[in-house]
Amino acid sequence: MSSYSTGAHKTSRTSGLAVAGLVCGIVGIFILPIVLGPLAIIFGAVALRQTGSVMAKWDIGLGVVDLVLMIAMFVIAANNGGSFTWHIG
């Protein structure tokens, strides 16, 4: 009888929190940055502490971008009399 040895497979495990933070960060750029930006930062910080993955660092960066865009939209709205509209085309 021959025995088959299975070599040690290197599996990379992605944290669910890192994926959730990445989704929140990307979607937060387009809608609800006031909610999704901080969520991306929190999920990214927890995932960074657990795994130290690069994806967690992207989560934190995208969350910060969401918050900066939100502040910029508030400043633009304040300078336009309280309204913020997009004119495309």
Side-chain angles (χ1 to χ4, degrees):
M1 226 171 165
S2 65
S3 75
Y4 295 101
S5 67
T6 58
H9 294 290
K10 192 175 187 180
T11 59
S12 64
R13 190 130 197 226
T14 304
S15 170
L17 285 172
V19 173
L22 192 65
V23 169
C24 287
I26 292 171
V27 174
I29 291 174
F30 302 106
I31 56 172
L32 289 175
I34 196 166
V35 175
L36 296 176
L39 280 177
I41 293 171
I42 291 168
F43 290 158
V46 173
L48 185 63
R49 190 172 284 201
Q50 288 177 353
T51 63
S53 68
V54 175
M55 188 183 297
K57 293 177 185 176
W58 274 96
D59 298 345
I60 295 170
L62 284 171
V64 169
V65 167
D66 289 349
L67 293 178
V68 168
L69 287 176
M70 179 191 65
I71 291 169
M73 285 191 292
F74 283 157
V75 168
I76 291 170
N79 289 333
N80 287 333
S83 67
F84 182 77
T85 58
W86 291 83
H87 296 288
I88 300 173

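Hydrophobic clustering (side-chain heavy atoms under 4.5 Å, transitive across Ile, Leu, Val, Met, Phe, Trp, Tyr) groups Val19 together with Val65. Grouping the Ile, Leu, Val, Met, Phe, Trp and Tyr side chains by contacts below 4.5 angstrom, directly or via other members, places Ile71 apart from Met73. At a threshold of 4.5 Å between side-chain heavy atoms, the hydrophobic network of Ile, Leu, Val, Met, Phe, Trp and Tyr places Val35 and Leu67 in one connected group. If you chain together hydrophobic residues whose side chains sit under 4.5 Å apart, Leu36 and Phe74 fall into the same group. Leu22 and Ile29 fall within a single hydrophobic cluster, where Ile, Leu, Val, Met, Phe, Trp and Tyr are joined by side-chain heavy atoms under 4.5 Å apart, directly or via other members.
Counting non-hydrogen atoms of other residues, nucleotides and ligands closer than 6.0 Å to CD1 of Ile34 gives a total of 12 or fewer.
Rounding to the nearest 0.5 Å places CG of Leu69 at 9.5 Å from CD1 of Ile76. Atom SG in Cys24 sits 8.5 Å away from atom CG in Asp59 (nearest 0.5 Å). Atom CG of Asp66 is separated from atom CD1 of Ile26 by 9.5 Å, given to the nearest 0.5 angstrom. From Ile42, atom CD1 reaches atom CD1 of Ile60 across 11.0 Å, with rounding to the nearest 0.5 Å. In this structure, Ser53 OG and Trp58 CH2 are separated by 13.0 Å, a value rounded to the nearest 0.5 Å.
The shortest heavy-atom contact between Pro38 and Pro33 is CD-O, 3.7 Å. What you find for Ala18 and Ala56 is that their closest heavy atoms are CB-N, 4.4 Å.
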